[in-house]
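Working notes, beginning with the structure itself.
So you know, we letter chains A, B, ... as the sequences are listed, proteins then strands, and number each from 1.
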Amino acid sequence: MHSYRTHKCNELRKSHVGQQARLSGWIHRIRDHGGVLFIDLRDTYGVTQCVVDQDSPLLEAAGKWRNESVITVTGKVKARTPETVNAKMPTGEIELYIDEATLQSPAAVIPFQIAEDDGAGEDVRLRHRYLDLRREKMQRNIRLRNAVIFGLRKRMWETGFQEFQTPNLTASSPEGARDYLVPSRLHPGKFYALPQSPQQFKQLLMVAGFDRYFQVAPCFRDEDGRADRLAEHYQLDVEMSFVTEQEVHDTMTPVIKGLFEEFADWTGTKHKVEWLPKLTYKDAMLKYGSDKPDLRNPLVITDVTEVFARADVTFNAFKGYIAKGGCVRAIRVPQVASQPRSFFDKLNSWAQGEGAPGLGYIAFETEEGKGPIAKFVAPEAQKRLRDLTGISNGDVVFFVCNTEAEANKLAGAARDRICDDAGLREKGVYKFCWVVDFPMYEFDERAQKIEFSHNPFSMPQGGLETLEKTDPLQILAHQYDCVCNGFEISSGAIRNHRPDIMEKAFALAGYPKDVLERKFSGMLNAFRFGAPPHGGCAFGIDRLVMILAHEPNLREVNAFVMNGQYEDPMMNAPSEPTAEQLKDLHIRLDLPKQKKTEAA
RNA sequence: GCGGGAGUAGUUCAGUUGGUUAGAACGCCGCCCUGUCACGGCGGAGGUCGCGGGUUCAAGUCCCGUCUCUCGCGCCA
């Protein structure tokens with residue numbers, strides 16, 4: 001007989017009755033009845049009830065075994081009597097009568113419960129992550145993650161892509177987020193950077209002629225954490241040669257759609273997968289107030305500036321903004337006119353918390369609008385408002401007025417808030433779409449200059465000619481995102497493979513030629529030796545898993561993660577280097593005055 | 001860097017207008033129990049109330065400072 005097991009803990013059934021079997025696993029629970037003792041033995045596959053009965057010499061020893069100890073048990077599989085069958089367990093028709101048992105590894109008293117969710121806080125869970133990972137939910141999440149990664153790899157290979165590897169010790173690249181730096185021992189004073197993404201390498205693979213690349217790529221960014229952000233995360237990184245923007249979408253849509261269809265019901269609730277028509281960035285910002293709209297939210301924003309600019313509308317608070325070039329946005333909410341006053345008051349104080357003066361509204365219980373600002377809007381203007389926003393009786397329109405950027409932002413946030421307050425968000429569906437036509441540049445208010453709005457490697461729409469003739473802030477890029485249920489799950493672009501266009505593009509953002517040559521010499525040189533037009537995208541794998549697992553943050557779908565401050569309380573990372581290490585690296589620390597001293 | 005929330009037993013939490021010995025549940029330890037499957041019963045141990053200072057006859061509770069966790073903003077694919 002095998003030293004540890006003949007079966008897994010989910011395997012034994014009625015058909016095994018009478019056989020000798022051996023199981024190994026963790027003690028999930030023990031129920032000691034004095035004369036008879038039940039052990040629920042758990043491994044990653046399932047749980048089997050094992051019995052120590054009255055005449056067993058093991059009875060006394062087994063009664064002292066603590067939960068989560070590892071044991072091996074050997075004995076006969078017996079059928080349970082009809083009244084003791086547990087229909088809730090797959091193995092509930094049988095039990096293993098223990099003849100022999102070995103305590104392989106006793107468990108100390110555990111800091112939180114494994115068999116049930118005791119609500120233990122995240123810091124304790126992370127400090128003992130190996131215990132946390134034993135819990136059923138985490139086992140399921142990590143298994144889902146593994147299956148998602150396999151599902152992506154399989155689909156990518158089937159679609160004609162090859163999986164590549166690229167360096168993790170590389171050069172800092174000046175765009176985007178802050179880099180993690182790694183000091184070089186051989187080159188005092190110089191540092192490698194961990195890649196924020198393999199962006200340049202995958203483009204170089206296109207120049208090398210590999211045509212279709214993908215990688216499950218680790219990406220590192222030294223920025224403050226969020227629920228949907230980690231210091232290191234994984235992307236399904238993709239790049240293709242000789243393709244149009246549309247072909248990138250057409251290639252990746254079935255991969256992601258197929259993946260979601262495969263795992264849609266993972267949590268046990270039926271989910272539809274809907275891929276909606278693509279949306280321009282401009283429309284997304286106007287209609288949803290976000291470049292990653294949650295399309296399960298049925299509310300739509302409309303521009304109604306013209307109504308509040310009319311002479312027969314006397315709401316001066318808005319007129320002031322309009323005079324300064326601002327705009328008014330309306331959110332029509334169906335059938336909430338009869339909501340109690342508190343519904344509107346709550347939204348109003350929410351808006352004030354967001355920094356707005358309030359959230360004005362007109363309620364159209366009947367043809368005639370009511371509410372705090374209705375009296376400033378003449379009947380004719382109300383008629384126009386009804387036409388613009390598509391109001392029926394019983395609806396309410398909420399208003400936001402500010403500069404265009406601010407109005408979009410607040411209207412977008414209000415759209416989400418009202419949706420949840422009114423319980424309008426559609427359930428049981430994953431709604432995807434591509435958001436396209438992102439602007440090439442934006443005005444950086446702080447630096448008071450034009451900057452790349454996404455990554456500088458994107459091809460401007462219209463190429464060189466557009467760059468030369470158009471107001472930079474009006475130029476669109478072949479830059480797109482993929483959005484699911486309000487999460488940005490992918491970002492990508494057709495790349496700029498032409499040194500001449502690149503030079504112009506950087507010049508518009510205020511970078512002279514020598515800066516470009518210095519910072520991107522590797523890639524720029526490559527483009528001078530015959531570069532294929534190419535483009536691609538990268539999907540955030542952790543986010544895909546988080547959405548499929550219905551988890552509120554990325555830490556729930558990663559086996560080992562750091563806390564919100566990017567510290568690992570289990571491994572004690574980051575930690576202080578030894579003097580020897582620092583000497584090797586020629587580094588002397590210059591720490592801030594306030595020195596944190598931690599108790600051991 | 002900024003703002004919201006939190007910090008009391010191993011864990012999750014309660015703790016009144018400041019008042020005498022700080023509680024509950026789960027876990028842990030001991031005893032009892034032959035059919036449970038979230039077993040049950042009896043008993044017990046376990047607390048720097050995050051830390052430091054202050055007010056007070058008296059502080060878990062009030063004040064000041066500080067640290068930590070968490071969510072968000074800034075930042076960032």
Side-chain angles (χ1 to χ4, degrees), chain A residues 28-41 47-56 59 63-64 66-68 78 80-89 91-92 95 97 107-128 131-132 175-179 196-197 199 219-231 233 235 237 291-292 353-355 409 413 435 438 445-446 452-455 458 479-483 487-493 537-540 542-543 552-553 555 563-565 567 569 594 596-599:
Chain A
H28 194 58
R29 284 197 181 92
I30 291 193
R31 290 175 296 282
D32 186 350
H33 288 249
V36 63
L37 181 149
F38 301 97
I39 297 174
D40 288 342
L41 191 68
V47 175
T48 302
Q49 174 165 289
C50 305
V51 184
V52 181
D53 73 359
Q54 52 182 340
D55 19 306
S56 171
L59 198 57
K64 296 198 188 322
R66 230 178 259 128
N67 284 351
E68 295 307 312
K78 293 192 184 176
R80 297 202 200 181
T81 59
E83 67 275 15
T84 60
V85 163
N86 185 345
K88 286 183 281 183
M89 291 170 76
T91 59
E95 54 200 1
Y97 267 68
V109 175
I110 48 179
F112 50 81
Q113 298 309 298
I114 310 297
E116 51 210 282
D117 183 7
D118 61 0
E122 226 178 10
D123 43 346
V124 198
R125 291 174 56 205
L126 290 182
R127 195 153 47 243
H128 303 278
L131 293 180
D132 188 39
E175 98 288 359
R178 208 173 287 120
D179 287 312
Q196 295 181 26
S197 74
Q199 181 64 38
C219 302
F220 305 87
R221 293 188 182 128
D222 185 6
E223 298 290 347
D224 289 3
R226 287 288 186 283
D228 64 349
R229 235 190 273 165
L230 297 171
H233 71 281
Q235 289 185 342
D237 197 36
D291 60 357
K292 46 178 177 172
E354 296 288 305
K409 204 170 141 190
V435 179
F438 275 78
E445 294 289 345
R446 229 178 11 166
F452 289 109
S453 69
H454 267 68
N455 97 42
S458 301
Q479 167 82 44
Y480 39 82
D481 281 359
C482 182
V483 172
F487 291 98
E488 178 196 313
I489 57 166
S490 174
S491 189
C537 57
F539 284 83
D542 311 86
R543 285 186 185 169
N553 72 61
R555 295 186 291 275
N563 65 18
Q565 271 62 245
E567 295 164 316
Q594 270 181 321
K596 272 193 281 181
T597 37
E598 276 181 36

Of all the choices, [options], which nucleotide is nearest to the side chain of [X] once you look at every atom?
X	options	result
A/H33	B/G10, B/C39, B/C69	B/C39
A/R178	B/C75, B/C28, B/C76	B/C75
A/R555	B/C37, B/U36, B/C71	B/C71
A/D224	B/U36, B/G1, B/C71	B/G1

Using atom [atom1] in both nucleotides, what's the gap between [N] and [M] to the nearest angstrom?
N	M	atom1	result
B/U61	B/A22	P	15 Å
B/U21	B/G27	C1'	24 Å
B/G46	B/A25	C1'	15 Å
B/G65	B/G4	P	13 Å
B/G30	B/U66	C1'	43 Å
B/A58	B/U17	C1'	15 Å
B/G15	B/A24	C1'	11 Å
B/C71	B/U56	C1'	37 Å

Check whether the side chain of [X] and the base of [N] form a donor-acceptor pair under 3.5 Å.
X	N	result
A/Q113	B/G10	no
A/D118	B/G27	no
A/R226	B/G74	yes

Checklist entry - Taking it one step at a time, do A/R543 and A/D228 satisfy salt bridge (Lys or Arg N to Asp or Glu O under 4.0 Å)? => result CA-CA 7 Å; A/R543 285 186 185 169; A/D228 64 349; 3.8 Å; yes
Checklist entry - Of all heavy-atom pairs between A/G63 and A/D32, which one has the smallest distance, and what is that distance? => result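 Minimum heavy-atom contact is CA-OD2, 4.1 Å.
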Checking all strands, does [X] fall into the base, sugar-phosphate, or nothing category for heavy-atom contacts under 4.0 angstrom?
X	result
A/D32	base
A/E68	nothing
A/G35	sugar-phosphate
A/G92	nothing
A/A115	nothing

Checklist entry - What distance do A/L131 atom CG and A/I114 atom CD1 have between them, rounded to the nearest 0.5 Å? => result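 Here the interatomic distance stands at 4.5 Å.
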Item to check | Rounded distance [0.5 Å steps], CZ in A/R555 versus CG in A/D132 | outcome: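 So the CZ of A/R555 and the CG of A/D132 are separated by 12.0 Å.
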With respect to the phosphate group of [N], does any side-chain polar atom (N or O) of [X] fall under 4.0 Å of OP1 or OP2?
X	N	value
A/R31	B/C39	yes
A/K88	B/A38	yes
A/R29	B/C26	no
A/Q196	B/A77	yes
A/Q565	B/U70	yes
A/R80	B/G35	no

Item to check | A/D123 or A/R229, whichever maps to the more 5' nucleotide of RNA chain B | outcome: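 Looking at the nearest nucleotide for each, A/D123 comes out on the 5' side.
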Checklist entry - When the nearest nucleotide of RNA chain B is assigned to A/Y97 and to A/G119 on a heavy-atom basis, which residue is associated with the more 5' position? => result A/G119
Checklist entry - Is it true that A/R31 and A/D40 make a salt bridge, defined as a side-chain N closer than 4.0 Å to a carboxylate O? => result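 A/D40 and A/R31: salt-bridged.
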Checklist entry - For A/F112 and B/U11, do the ring centres fall under 5.5 Å apart while the planes stay under 30° apart? => result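 No; by the centre-distance and plane-angle rule, A/F112 does not count as stacking on B/U11.
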Taking the side chain as every heavy atom from C-beta outward, state whether [X] and [Y] have any pair of such atoms under 4.5 Å apart.
X	Y	result
A/Q479	A/S491	yes
A/D237	A/Q199	no
A/E122	A/N563	no

Next on the checklist: Only Watson-Crick and G-U wobble pairs with both distances less than 3.5 Å should count. Give RNA chain B in dot-bracket notation, marking inter-strand partners with |.
Outcome noted: (((((((..((((.....[...)))).(((((.......))))).....(((((..]....))))))))))))....
